[in-house]
Amino acid sequence: MSSDKIIQVTDADFDEKVLKSDLPVLVDFWAAWCGPCRAIAPVIDQLAQEYDGKVIIAKMNVDENPATPGRFGIRAIPTLILFKDGKVVEQITGAVGKTVIENALSKVSK
Amino acid sequence: MIYDVIIIGAGPAGLAAAIYAGRAQVNGFVLEKMSPGGQVLITDFVENYPGFFEGISGFELVEKFTEHAKKFGMAIENGEVGSIEPVGENLNIHLTDGKTITTKTVIVATGATHKKLGVKGEQELTGRGVSYCATCDGPFFRDQVVAVVGGGDSAVQEAIFMTKFAKKVYLIHRRDELRAIKILQERAFSNDKIEFIWNSTVEEIIGKDQVEGIKLLNKVSGEISTLKVDGVFIFIGIEPTTQFIRGLVDTDERGFIKTDEWMRSSRQGIYAAGDCRKKPLLQIVTAVAEGATAAFAVEHDLE
(Lines give C-alpha, C1' and ligand atoms only; values in the text may rest on other atoms or scores of the structure.)
Protein backbone atom coordinates (compact mmCIF):
# COMPACT_ATOMS: atom_id res chain seq x y z
CA MET A 1 0.00 0.00 0.00
CA SER A 2 2.97 2.30 -0.34
CA SER A 3 2.54 5.69 -1.98
CA ASP A 4 2.63 5.80 -5.77
CA LYS A 5 5.32 8.46 -5.47
CA ILE A 6 7.76 5.84 -4.16
CA ILE A 7 9.97 4.06 -6.68
CA GLN A 8 11.30 0.52 -6.24
CA VAL A 9 14.97 -0.07 -6.93
CA THR A 10 16.92 -3.30 -7.43
CA ASP A 11 20.56 -4.34 -7.64
CA ALA A 12 20.22 -4.15 -11.42
CA ASP A 13 18.96 -0.58 -11.69
CA PHE A 14 20.42 0.98 -8.53
CA ASP A 15 23.24 2.87 -10.31
CA GLU A 16 20.88 4.17 -12.97
CA LYS A 17 18.01 5.20 -10.69
CA VAL A 18 19.94 6.34 -7.61
CA LEU A 19 23.59 7.18 -8.26
CA LYS A 20 22.96 8.85 -11.64
CA SER A 21 19.79 10.63 -10.56
CA ASP A 22 19.59 14.39 -11.04
CA LEU A 23 17.49 14.74 -7.91
CA PRO A 24 18.65 13.59 -4.46
CA VAL A 25 17.38 10.09 -3.61
CA LEU A 26 16.44 8.67 -0.20
CA VAL A 27 16.64 4.87 -0.27
CA ASP A 28 14.78 2.86 2.37
CA PHE A 29 16.45 -0.54 2.74
CA TRP A 30 13.86 -2.91 4.20
CA ALA A 31 12.62 -6.51 4.43
CA ALA A 32 9.30 -8.17 5.12
CA TRP A 33 10.55 -9.84 8.32
CA CYS A 34 11.52 -6.52 9.91
CA GLY A 35 8.97 -5.01 12.32
CA PRO A 36 10.56 -1.55 12.60
CA CYS A 37 10.67 -1.37 8.78
CA ARG A 38 6.88 -1.67 8.82
CA ALA A 39 6.78 0.88 11.63
CA ILE A 40 8.45 3.61 9.56
CA ALA A 41 6.64 2.76 6.30
CA PRO A 42 3.82 5.31 6.83
CA VAL A 43 6.37 8.05 7.53
CA ILE A 44 8.22 7.19 4.32
CA ASP A 45 4.89 7.36 2.46
CA GLN A 46 4.16 10.84 3.83
CA LEU A 47 7.64 12.08 2.95
CA ALA A 48 7.24 10.79 -0.60
CA GLN A 49 4.13 12.98 -0.95
CA GLU A 50 5.65 16.01 0.75
CA TYR A 51 8.99 15.96 -1.10
CA ASP A 52 7.47 15.10 -4.50
CA GLY A 53 9.57 16.79 -7.18
CA LYS A 54 12.36 17.66 -4.72
CA VAL A 55 13.70 14.34 -3.43
CA ILE A 56 13.04 10.90 -4.93
CA ILE A 57 11.99 8.38 -2.29
CA ALA A 58 12.98 4.81 -3.15
CA LYS A 59 12.70 1.40 -1.51
CA MET A 60 14.97 -1.59 -1.84
CA ASN A 61 14.05 -5.04 -0.56
CA VAL A 62 17.31 -6.41 0.91
CA ASP A 63 16.11 -10.01 0.63
CA GLU A 64 15.73 -9.79 -3.12
CA ASN A 65 18.72 -7.48 -3.61
CA PRO A 66 21.71 -8.53 -1.48
CA ALA A 67 24.46 -6.84 -3.52
CA THR A 68 23.65 -3.17 -2.92
CA PRO A 69 23.27 -3.44 0.90
CA GLY A 70 26.65 -5.23 0.92
CA ARG A 71 28.21 -2.43 -1.12
CA PHE A 72 27.18 0.11 1.51
CA GLY A 73 28.04 -2.06 4.52
CA ILE A 74 24.43 -2.31 5.63
CA ARG A 75 23.95 -4.86 8.40
CA ALA A 76 20.83 -3.47 9.99
CA ILE A 77 17.42 -2.52 8.75
CA PRO A 78 15.63 -0.28 8.41
CA THR A 79 18.52 1.77 7.05
CA LEU A 80 17.85 4.98 5.14
CA ILE A 81 20.59 6.38 2.94
CA LEU A 82 20.31 9.78 1.34
CA PHE A 83 22.25 10.11 -1.92
CA LYS A 84 23.08 13.27 -3.83
CA ASP A 85 25.13 13.32 -7.03
CA GLY A 86 26.02 9.66 -6.49
CA LYS A 87 27.41 10.25 -3.01
CA VAL A 88 26.13 9.33 0.45
CA VAL A 89 24.99 12.46 2.27
CA GLU A 90 23.50 10.82 5.33
CA GLN A 91 22.80 7.36 6.70
CA ILE A 92 20.12 6.71 9.31
CA THR A 93 19.83 3.34 11.02
CA GLY A 94 16.80 2.03 12.88
CA ALA A 95 13.26 3.27 13.18
CA VAL A 96 13.29 7.01 13.84
CA GLY A 97 10.63 9.71 14.01
CA LYS A 98 9.73 11.85 11.03
CA THR A 99 11.70 14.89 12.21
CA VAL A 100 15.03 13.02 12.12
CA ILE A 101 14.47 12.12 8.46
CA GLU A 102 13.23 15.62 7.64
CA ASN A 103 16.41 17.11 9.12
CA ALA A 104 18.45 14.97 6.75
CA LEU A 105 16.27 15.84 3.76
CA SER A 106 16.52 19.56 4.53
CA LYS A 107 20.26 19.34 3.78
CA VAL A 108 19.63 18.51 0.14
CA SER A 109 16.31 20.20 -0.70
CA LYS A 110 15.52 23.86 -0.69
CA MET B 1 -12.01 21.87 19.63
CA ILE B 2 -11.20 20.45 23.06
CA TYR B 3 -10.85 16.67 23.22
CA ASP B 4 -11.64 14.58 26.28
CA VAL B 5 -8.54 12.44 25.94
CA ILE B 6 -5.45 12.14 23.77
CA ILE B 7 -3.53 8.88 24.04
CA ILE B 8 0.16 9.27 23.21
CA GLY B 9 1.70 6.11 21.80
CA ALA B 10 0.12 3.19 19.95
CA GLY B 11 1.84 0.25 21.60
CA PRO B 12 -0.11 -2.31 23.64
CA ALA B 13 -0.84 0.16 26.49
CA GLY B 14 -2.06 2.95 24.19
CA LEU B 15 -4.13 0.62 22.02
CA ALA B 16 -5.78 -1.02 25.04
CA ALA B 17 -6.58 2.45 26.40
CA ALA B 18 -8.05 3.28 22.98
CA ILE B 19 -10.25 0.17 23.02
CA TYR B 20 -11.65 1.06 26.45
CA ALA B 21 -11.96 4.80 25.77
CA GLY B 22 -13.53 4.15 22.37
CA ARG B 23 -16.03 1.72 23.80
CA ALA B 24 -16.90 4.26 26.52
CA GLN B 25 -17.37 6.83 23.73
CA VAL B 26 -14.84 9.23 25.19
CA ASN B 27 -13.95 11.81 22.55
CA GLY B 28 -10.32 11.61 21.45
CA PHE B 29 -7.71 9.78 19.44
CA VAL B 30 -4.30 8.11 19.55
CA LEU B 31 -1.12 9.91 18.52
CA GLU B 32 1.73 7.78 17.19
CA LYS B 33 5.05 8.98 15.74
CA MET B 34 5.60 5.85 13.68
CA SER B 35 3.05 3.15 12.96
CA PRO B 36 1.29 1.22 15.75
CA GLY B 37 3.31 -1.33 17.63
CA GLY B 38 6.09 -0.04 19.77
CA GLN B 39 8.75 -2.39 21.09
CA VAL B 40 6.50 -5.40 20.44
CA LEU B 41 7.35 -5.02 16.75
CA ILE B 42 10.91 -6.13 17.35
CA THR B 43 9.88 -9.26 19.24
CA ASP B 44 9.87 -12.23 16.93
CA PHE B 45 7.74 -14.36 19.17
CA VAL B 46 5.36 -13.68 22.06
CA GLU B 47 4.51 -16.81 24.00
CA ASN B 48 3.21 -15.47 27.29
CA TYR B 49 0.19 -13.46 26.19
CA PRO B 50 -2.91 -15.28 27.47
CA GLY B 51 -4.79 -17.20 24.85
CA PHE B 52 -1.94 -17.38 22.35
CA PHE B 53 -0.38 -20.55 23.75
CA GLU B 54 1.16 -21.49 20.44
CA GLY B 55 2.90 -18.13 20.32
CA ILE B 56 2.24 -15.18 18.06
CA SER B 57 4.56 -12.73 16.33
CA GLY B 58 4.74 -9.27 17.85
CA PHE B 59 3.58 -7.80 14.57
CA GLU B 60 0.47 -9.97 14.31
CA LEU B 61 -0.52 -9.32 17.91
CA VAL B 62 -0.26 -5.58 17.53
CA GLU B 63 -2.18 -5.71 14.25
CA LYS B 64 -5.05 -7.32 16.15
CA PHE B 65 -4.87 -4.65 18.88
CA THR B 66 -4.94 -1.91 16.23
CA GLU B 67 -7.96 -3.34 14.45
CA HIS B 68 -9.68 -3.75 17.78
CA ALA B 69 -9.10 -0.08 18.71
CA LYS B 70 -10.35 1.09 15.31
CA LYS B 71 -13.43 -1.09 15.64
CA PHE B 72 -14.48 0.97 18.65
CA GLY B 73 -14.00 4.22 16.82
CA MET B 74 -10.59 5.38 17.94
CA ALA B 75 -8.51 6.92 15.18
CA ILE B 76 -4.72 6.59 15.17
CA GLU B 77 -3.11 9.80 13.90
CA ASN B 78 0.49 10.31 12.94
CA GLY B 79 2.33 12.89 15.02
CA GLU B 80 5.25 13.35 17.37
CA VAL B 81 4.78 15.18 20.67
CA GLY B 82 7.33 17.87 21.45
CA SER B 83 5.91 19.10 24.76
CA ILE B 84 2.80 19.34 26.91
CA GLU B 85 1.72 22.65 28.40
CA PRO B 86 -0.99 22.97 31.06
CA VAL B 87 -3.36 25.84 30.25
CA GLY B 88 -6.01 26.37 32.92
CA GLU B 89 -7.99 23.14 33.26
CA ASN B 90 -6.77 21.87 29.89
CA LEU B 91 -3.55 20.61 28.34
CA ASN B 92 -2.01 21.83 25.12
CA ILE B 93 -0.06 19.18 23.27
CA HIS B 94 2.54 20.77 21.00
CA LEU B 95 3.59 18.54 18.11
CA THR B 96 7.02 18.74 16.52
CA ASP B 97 5.45 19.82 13.22
CA GLY B 98 4.08 22.97 14.92
CA LYS B 99 0.46 21.88 15.43
CA THR B 100 -1.23 22.14 18.83
CA ILE B 101 -3.97 19.88 20.19
CA THR B 102 -6.07 20.90 23.21
CA THR B 103 -7.42 18.20 25.47
CA LYS B 104 -8.81 17.72 28.96
CA THR B 105 -6.70 14.63 29.66
CA VAL B 106 -3.67 12.80 28.30
CA ILE B 107 -2.73 9.15 28.65
CA VAL B 108 1.04 8.83 28.24
CA ALA B 109 1.72 5.41 26.74
CA THR B 110 5.01 6.21 25.06
CA GLY B 111 6.80 3.08 26.21
CA ALA B 112 10.51 2.72 26.32
CA THR B 113 13.48 2.23 24.08
CA HIS B 114 16.64 0.14 24.28
CA LYS B 115 19.53 1.33 26.42
CA LYS B 116 22.96 1.82 24.93
CA LEU B 117 26.22 0.50 26.34
CA GLY B 118 27.84 3.90 26.01
CA VAL B 119 31.22 2.55 24.89
CA LYS B 120 33.63 3.60 22.16
CA GLY B 121 32.64 2.30 18.74
CA GLU B 122 28.99 1.70 19.60
CA GLN B 123 27.55 4.79 17.93
CA GLU B 124 29.95 4.70 14.98
CA LEU B 125 29.25 1.04 14.19
CA THR B 126 25.47 1.03 14.73
CA GLY B 127 24.02 -0.54 11.61
CA ARG B 128 27.50 -1.82 10.76
CA GLY B 129 27.44 -4.80 13.06
CA VAL B 130 26.05 -3.17 16.20
CA SER B 131 22.34 -3.93 16.56
CA TYR B 132 19.51 -3.66 19.05
CA CYS B 133 17.09 -5.83 17.05
CA ALA B 134 17.89 -9.48 16.37
CA THR B 135 14.70 -10.09 14.38
CA CYS B 136 15.60 -7.21 12.03
CA ASP B 137 19.28 -7.82 11.56
CA GLY B 138 19.80 -11.51 12.35
CA PRO B 139 19.72 -12.60 8.69
CA PHE B 140 22.74 -10.37 7.92
CA PHE B 141 24.87 -12.60 10.16
CA ARG B 142 24.39 -15.99 8.51
CA ASP B 143 27.31 -18.32 9.38
CA GLN B 144 29.07 -15.55 11.27
CA VAL B 145 30.08 -15.07 14.89
CA VAL B 146 28.12 -12.68 17.09
CA ALA B 147 28.10 -11.49 20.68
CA VAL B 148 24.88 -10.87 22.57
CA VAL B 149 25.25 -8.57 25.58
CA GLY B 150 22.94 -8.84 28.59
CA GLY B 151 21.46 -11.42 30.94
CA GLY B 152 17.73 -10.70 31.05
CA ASP B 153 14.85 -12.28 29.15
CA SER B 154 15.46 -10.23 26.00
CA ALA B 155 19.17 -11.00 25.82
CA VAL B 156 18.68 -14.71 26.32
CA GLN B 157 15.70 -14.97 23.97
CA GLU B 158 17.53 -13.07 21.24
CA ALA B 159 20.71 -15.13 21.75
CA ILE B 160 18.65 -18.26 21.13
CA PHE B 161 17.03 -16.60 18.09
CA MET B 162 20.46 -15.67 16.67
CA THR B 163 21.54 -19.32 16.64
CA LYS B 164 19.17 -19.74 13.65
CA PHE B 165 21.63 -17.67 11.63
CA ALA B 166 25.00 -17.34 13.33
CA LYS B 167 27.41 -20.26 13.60
CA LYS B 168 28.45 -19.12 17.07
CA VAL B 169 26.81 -16.87 19.66
CA TYR B 170 28.67 -15.55 22.70
CA LEU B 171 26.41 -14.41 25.52
CA ILE B 172 28.26 -11.80 27.53
CA HIS B 173 26.96 -10.99 30.97
CA ARG B 174 28.41 -8.89 33.76
CA ARG B 175 27.30 -11.28 36.49
CA ASP B 176 27.87 -15.00 37.01
CA GLU B 177 24.25 -15.96 36.55
CA LEU B 178 21.40 -14.97 34.26
CA ARG B 179 18.42 -12.87 35.28
CA ALA B 180 16.22 -14.41 32.59
CA ILE B 181 13.39 -16.76 33.50
CA LYS B 182 14.24 -20.46 33.96
CA ILE B 183 12.61 -21.75 30.77
CA LEU B 184 14.77 -19.42 28.64
CA GLN B 185 17.91 -20.24 30.64
CA GLU B 186 17.38 -23.96 30.09
CA ARG B 187 16.94 -23.45 26.34
CA ALA B 188 20.10 -21.36 26.17
CA PHE B 189 22.21 -23.76 28.26
CA SER B 190 21.21 -26.71 26.09
CA ASN B 191 22.01 -24.86 22.85
CA ASP B 192 25.42 -25.96 21.49
CA LYS B 193 25.96 -22.77 19.54
CA ILE B 194 25.80 -20.53 22.61
CA GLU B 195 28.91 -19.98 24.72
CA PHE B 196 28.65 -17.98 27.95
CA ILE B 197 31.18 -15.40 28.99
CA TRP B 198 30.49 -14.54 32.63
CA ASN B 199 31.47 -11.62 34.85
CA SER B 200 32.44 -9.57 31.83
CA THR B 201 31.60 -6.19 30.39
CA VAL B 202 32.13 -4.81 26.91
CA GLU B 203 34.64 -1.95 27.13
CA GLU B 204 34.91 -1.12 23.44
CA ILE B 205 33.57 -2.19 20.09
CA ILE B 206 36.38 -2.46 17.60
CA GLY B 207 36.15 -2.03 13.85
CA LYS B 208 36.84 0.40 11.07
CA ASP B 209 33.85 0.23 8.75
CA GLN B 210 32.38 -2.93 10.24
CA VAL B 211 32.46 -4.59 13.63
CA GLU B 212 35.63 -6.68 13.90
CA GLY B 213 35.69 -7.48 17.58
CA ILE B 214 35.03 -6.39 21.14
CA LYS B 215 37.25 -5.58 24.07
CA LEU B 216 36.12 -7.36 27.23
CA LEU B 217 36.89 -6.72 30.87
CA ASN B 218 36.64 -9.62 33.28
CA LYS B 219 35.28 -8.01 36.44
CA VAL B 220 36.69 -10.73 38.70
CA SER B 221 40.22 -11.13 37.38
CA GLY B 222 40.58 -7.63 35.95
CA GLU B 223 41.84 -9.19 32.75
CA ILE B 224 41.23 -7.40 29.43
CA SER B 225 40.77 -9.53 26.34
CA THR B 226 39.71 -9.14 22.75
CA LEU B 227 37.05 -11.31 21.16
CA LYS B 228 36.72 -11.52 17.40
CA VAL B 229 33.06 -11.13 16.39
CA ASP B 230 31.19 -9.94 13.30
CA GLY B 231 28.24 -8.52 15.19
CA VAL B 232 27.23 -7.22 18.62
CA PHE B 233 23.60 -7.40 19.75
CA ILE B 234 22.88 -5.27 22.81
CA PHE B 235 20.01 -6.07 25.20
CA ILE B 236 20.93 -4.45 28.50
CA GLY B 237 17.56 -3.01 29.40
CA ILE B 238 15.41 -0.09 28.50
CA GLU B 239 14.85 3.56 29.25
CA PRO B 240 11.44 5.27 29.22
CA THR B 241 10.44 7.65 26.43
CA THR B 242 9.45 10.44 28.79
CA GLN B 243 11.87 13.29 27.99
CA PHE B 244 9.03 15.49 26.73
CA ILE B 245 7.20 15.33 30.05
CA ARG B 246 10.01 15.44 32.64
CA GLY B 247 9.47 18.23 35.12
CA LEU B 248 5.74 18.21 34.47
CA VAL B 249 5.02 14.97 36.33
CA ASP B 250 6.88 13.06 39.05
CA THR B 251 9.22 10.36 37.77
CA ASP B 252 11.82 8.16 39.40
CA GLU B 253 15.52 8.86 38.83
CA ARG B 254 15.47 6.87 35.57
CA GLY B 255 12.49 8.79 34.18
CA PHE B 256 9.70 6.25 34.71
CA ILE B 257 6.44 8.06 35.53
CA LYS B 258 5.05 7.52 39.03
CA THR B 259 1.28 6.95 39.25
CA ASP B 260 -1.37 5.87 41.70
CA GLU B 261 -3.35 2.67 41.15
CA TRP B 262 -5.68 4.54 38.79
CA MET B 263 -2.66 5.39 36.61
CA ARG B 264 -2.94 9.07 37.57
CA SER B 265 0.37 10.91 37.53
CA SER B 266 1.25 13.69 39.97
CA ARG B 267 -0.42 16.23 37.66
CA GLN B 268 -4.17 16.41 37.22
CA GLY B 269 -5.29 15.26 33.78
CA ILE B 270 -2.12 13.31 32.95
CA TYR B 271 -2.14 9.51 33.22
CA ALA B 272 0.53 6.97 32.36
CA ALA B 273 0.34 3.33 31.24
CA GLY B 274 2.76 0.69 30.00
CA ASP B 275 6.55 0.62 29.95
CA CYS B 276 6.93 4.38 30.54
CA ARG B 277 5.38 3.92 33.99
CA LYS B 278 7.25 2.96 37.15
CA LYS B 279 6.28 -0.63 37.99
CA PRO B 280 7.74 -4.05 38.69
CA LEU B 281 6.75 -5.99 35.55
CA LEU B 282 7.20 -4.67 32.01
CA GLN B 283 5.15 -7.00 29.83
CA ILE B 284 2.47 -6.76 27.15
CA VAL B 285 -0.09 -8.19 29.54
CA THR B 286 0.59 -5.52 32.19
CA ALA B 287 0.74 -2.72 29.62
CA VAL B 288 -2.69 -3.72 28.34
CA ALA B 289 -4.14 -3.83 31.85
CA GLU B 290 -2.78 -0.39 32.67
CA GLY B 291 -4.09 1.06 29.40
CA ALA B 292 -7.56 -0.19 30.29
CA THR B 293 -7.28 1.18 33.83
CA ALA B 294 -6.08 4.59 32.60
CA ALA B 295 -9.00 4.86 30.16
CA PHE B 296 -11.41 3.91 32.94
CA ALA B 297 -9.84 6.53 35.24
CA VAL B 298 -10.15 9.19 32.53
CA GLU B 299 -13.82 8.39 32.02
CA HIS B 300 -14.40 8.39 35.81
CA ASP B 301 -12.51 11.66 36.43
CA LEU B 302 -14.17 13.52 33.54
CA GLU B 303 -17.64 12.97 35.02
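This is a predicted model, so every value here is computed, not measured.
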Completion exercise
The reported gap from CD in A:Q91 to OG1 in B:T126 (rounded to nearest 0.5 angstrom) is 11.0 Å
Completion exercise
Nearest heavy-atom contact between B:L41 and A:P36 is O-CD, 4.2 Å
Exercise for the section: Could you grab the distance from atom CG of B:D137 to atom CH2 of A:W33, nearest 0.5 Å is fine? Expected result: 8.5 Å
Handout entry: Structural part of B:E60 lying under 4.5 Å from a heavy atom of chain A
Key = neither
Fill in the blank from the handout: In terms of heavy-atom pairs under 4.5 Å with chain A, the winner among B:G129, B:G138, B:P139 is B:P139
Fill in the blank from the handout: In short, salt bridge (Lys or Arg N to Asp or Glu O under 4.0 Å) pairs touching residues 110-121 of chain B with sequence neighbours left out are B:K120-B:E204
Problem - Region of A:A31 in contact with chain B, defined by heavy-atom distances below 4.5 Å - result: neither
Practice task
Kindly check if the number of other-residue, nucleotide or ligand heavy atoms within 6.0 Å of NZ (B:K70) is above 12?
Solution key: no
Handout entry: Option in A:A95, A:G97, A:G70 with maximal non-hydrogen atom pairs under 4.5 Å from chain B
Key = A:A95
Problem - Pair B:E80-A:T99, side-chain contact (heavy atoms from CB on, under 4.5 Å): steps then yes or no - result: CA-CA 8 Å; B:E80 187 175 357; A:T99 42; 3.2 Å; yes
Handout entry: Reported CD1-to-CE distance for the pair A:I44 and B:M34, which is rounded to 0.5 angstrom
Key = 11.0 Å
Handout entry: Heavy-atom neighbours of B:E77 CD exceed 12 at 6.0 Å
Key = yes
Exercise for the section: May I ask you to test the B:Q210-A:R75 pair for a side-chain heavy-atom distance under 4.5 Å? Expected result: yes
Handout entry: chain A contacts, top residue of B:G231, B:S57, B:G38, B:G127 (heavy-atom pairs, under 4.5 Å)
Key = B:G127
Handout entry: Which atoms of B:D97 approach chain A - backbone, side chain, both or neither, heavy atom under 4.5 Å
Key = neither
Exercise for the section: Check whether more than 12 heavy atoms from other residues, nucleotides or ligands sit under 6.0 Å from atom NZ of B:K193, and answer yes or no. Expected result: yes
Exercise for the section: Working to the nearest 0.5 Å, report the span between OG of B:S131 and CD1 of A:I77. Expected result: 9.5 Å
Exercise for the section: Between chain B and each of A:V62, A:I74, A:I40, count heavy-atom pairs under 4.5 Å; write down the option with the most. Expected result: A:I74
Handout entry: Distance-minimising heavy-atom pair for A:R38 and B:F59
Key = NH1-CE2, 2.6 Å
